[in-house]
Amino acid sequence: MRRLRVRVVGDFLGGLFAAILLPRDGHDVIVYERSTAELGGRGAGLIGQHDLYDVLGRIGSRELAQVGVEAFERMYLDVDGRVSGRIRAPQTQISWDVLYEGVFSMLAPGSYVLGRKVRRVVDDEREASKMFADGATETVDLVIGADGLGSVTRAAVTTLTQYDYGGYVAWRGLIPEAKRPSAARS
Ligand SMILES: Cc1cc2nc3c(=O)[nH]c(=O)nc-3n(C[C@H](O)[C@H](O)[C@H](O)COP(=O)(O)OP(=O)(O)OC[C@H]3O[C@@H](n4cnc5c(N)ncnc54)[C@H](O)[C@@H]3O)c2cc1C
């Protein structure tokens with residue numbers, strides 16, 4: 001296969017994996033991430049799925065998902081802190097940061113650009129896609145959309161880009177173990 005100019009939109013796991021694997025086949029790959037900072041600091045509590053372990057195995061970094069905290073159940077507390085439900089849910093919760101930072105460190109220097117938002121991707125049905133980032137235009141062979149829920153890349157290939165507000169918001173956080181509510185101490 002000839003060497004392709006590949007540009008990846010999004011610098012979280014999907015984008016990082018593409019940016020690590022494709023250069024191994026000789027392709028020229030750069031990742032564009034809209035965030036101006038590296039994406040650490042997301043905390044802990046990621047439940048690894050089979051796909052994650054498969055790709056980590058392919059890039060030779062399975063150990064990044066082997067350290068975690070064993071959880072045995074999920075507990076629901078009401079507004080007064082009383083237990084309103086418990087479900088058995090044995091799971092190993094791994095660290096976002098260990099995973100992200102370990103995978104990110106495998107990127108070749110110069111293969112990612114932070115603070116660059118892709119506004120639009122055009123698939124012109126010949127060999128090249130065009131990509132518009134912050135006013136600039138770039139013509140490449142392949143654009144990989146790893147830009148998550150509100151993907152601009154998806155809009156180049158499908159009209160199914162709408163998603164609807166489900167009517168609720170979930171806040172997710174971590175607290176020090178010593179500060180957990182008394183109901184969660186048993
Ligand atoms: C609260 C919560 C808990 C979750 N828990 C789990 C779990 O336990 N296990 C699990 O497997 N999955 C979990 N998920 C799902 C998991 O986070 C996603 O499946 C995963 O992050 C998708 O990775 P991605 O790289 O495809 O996209 P994303 O993580 O969405 O990353 C997209 C990246 O693209 C960047 N970007 C977006 N638009 C642009 C643009 N126009 N230009 C440039 N950059 C752009 C974003 O800044 C972001 O960095 C959870 C999700 C949430 C919200």
Side-chain angles (χ1 to χ4, degrees), residues 6-22 29-59 61-62 64-76 87 89-107 111-123 129-138 140 142-158 160-175:
V6 182
R7 297 298 178 260
V8 180
V9 189
D11 174 30
F12 201 55
L13 289 178
L16 294 181
F17 286 146
I20 291 167
L21 287 168
L22 289 171
V29 181
I30 296 179
V31 184
Y32 294 130
E33 167 58 48
R34 67 183 172 187
S35 171
T36 53
E38 293 173 17
L39 301 174
R42 292 194 186 189
L46 179 75
I47 314 294
Q49 310 293 334
H50 292 299
D51 290 349
L52 175 69
Y53 293 104
D54 286 349
V55 183
L56 286 174
R58 290 178 63 188
I59 66 173
S61 292
R62 260 186 97 88
L64 293 174
Q66 279 173 342
V67 177
V69 175
E70 288 293 321
F72 301 100
E73 67 173 3
R74 293 192 176 205
M75 181 184 291
Y76 301 89
I87 54 169
Q91 286 169 326
T92 301
Q93 314 228 2
I94 58 180
S95 162
W96 283 93
D97 284 6
V98 169
L99 186 60
Y100 173 77
E101 285 162 14
V103 174
F104 187 81
S105 71
M106 297 180 72
L107 283 187
S111 65
Y112 62 92
V113 181
L114 296 178
R116 190 150 201 212
K117 181 173 180 173
V118 175
R119 297 201 188 285
R120 193 167 160 234
V121 174
V122 178
D123 178 6
S129 298
K130 296 184 181 67
M131 212 168 143
F132 303 83
D134 302 335
T137 301
E138 192 179 27
V140 296
L142 177 66
V143 175
I144 294 182
D147 45 345
L149 192 63
S151 170
V152 294
T153 317
R154 193 180 303 126
V157 292
T158 176
L160 299 174
T161 56
Q162 295 284 322
Y163 51 93
D164 298 322
Y165 172 51
Y168 60 92
V169 172
W171 291 95
R172 183 169 166 167
L174 296 171
I175 56 171

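Note that ligands are numbered from 1 as they come in the structure, with each ligand's atoms numbered from 1 the same way. These figures come from a predicted structure and were not determined experimentally.
- Nearest heavy atoms, V140 versus R7: CG1-CG, 3.4 Å.
- Shortest contact from atom 24 (P) of ligand 1 to any protein heavy atom: G14 N, 4.0 Å.
- Of all the atoms in ligand 1, the ones that sit under 4.0 Å from a non-hydrogen atom of K117 are 41 (N), 42 (N).
- Counting the atoms of ligand 1 from 1 in the order shown, those under 4.0 Å from a heavy atom of R116 are 43 (C).
- Where the criterion is an N or O separation shorter than 3.5 Å, residue side chain and backbone included, G48 fails it with respect to ligand 1.
- Looking only at atom types and distance, the side chain of Q66 has no donor-acceptor partner in the side chain of Y53 under 3.5 Å away.
- Not one N or O of V9 is nearer than 3.5 Å to an N or O of ligand 1, by distance alone.
- Numbered from 1 in the order shown, with element, the atoms of ligand 1 that lie under 4.0 Å from a heavy atom of V152 read 41 (N).
- Inside a 4.0 Å radius of atom 14 (N) of ligand 1 there is not any protein heavy atom.
- Within a 4.0 Å radius of atom 22 (C) of ligand 1, the protein has no heavy atom.
- Residue contacts with ligand 1 leave out Q93, since none of its heavy atoms falls under 4.0 Å from the ligand.
- Below 4.0 Å from some heavy atom of I47 lie the following atoms of ligand 1, by number and element: 7 (C), 8 (O), 9 (N), 10 (C), 11 (O).
- What sits closest to atom 35 (C) of ligand 1 on the protein, heavy atoms only, is E33 OE1, 3.3 Å.
- Protein heavy atoms are found less than 4.0 angstrom from atom 48 (C) of ligand 1.
- Ring orientation note: the planes of F12 and W96 are tilted relative to one another, at an angle of 30° to 60°.
- The protein reaches atom 6 (C) of ligand 1 closely, with a heavy atom under 4.0 angstrom from it.
- Distance check on atom 19 (O) of ligand 1: every protein heavy atom falls at or beyond the 4.0 Å cut-off.
- Distances between N or O atoms of S35 and those of ligand 1 include no value under 3.5 Å.
- Neither the backbone nor the side chain of R119 comes within 4.0 Å of ligand 1, counting heavy atoms alone.
- Of the candidates A146, G45, G150, A146 brings a heavy atom nearest to atom 33 (C) of ligand 1.
- For atom 51 (C) of ligand 1, no protein heavy-atom neighbour is present inside the 4.0 Å cut-off.
- Ligand 1 has at least one atom lying under 4.0 Å from a heavy atom of W96.
- In the vicinity of L13, heavy-atom distances shorter than 4.0 Å reach the ligand 1 atoms 25 (O).
- Those atoms of ligand 1 with a heavy atom of Y32 less than 4.0 angstrom away are 43 (C), 44 (N).
- Between R34 and ligand 1, at least one pair of N/O atoms sits closer than 3.5 Å.
- Among protein heavy atoms, atom 4 (C) of ligand 1 sits closest to R172 NH1, 3.6 Å.
- Here the OG1 atom belonging to T153 is positioned 11.0 Å from the CG atom belonging to D123, to the nearest 0.5 angstrom.
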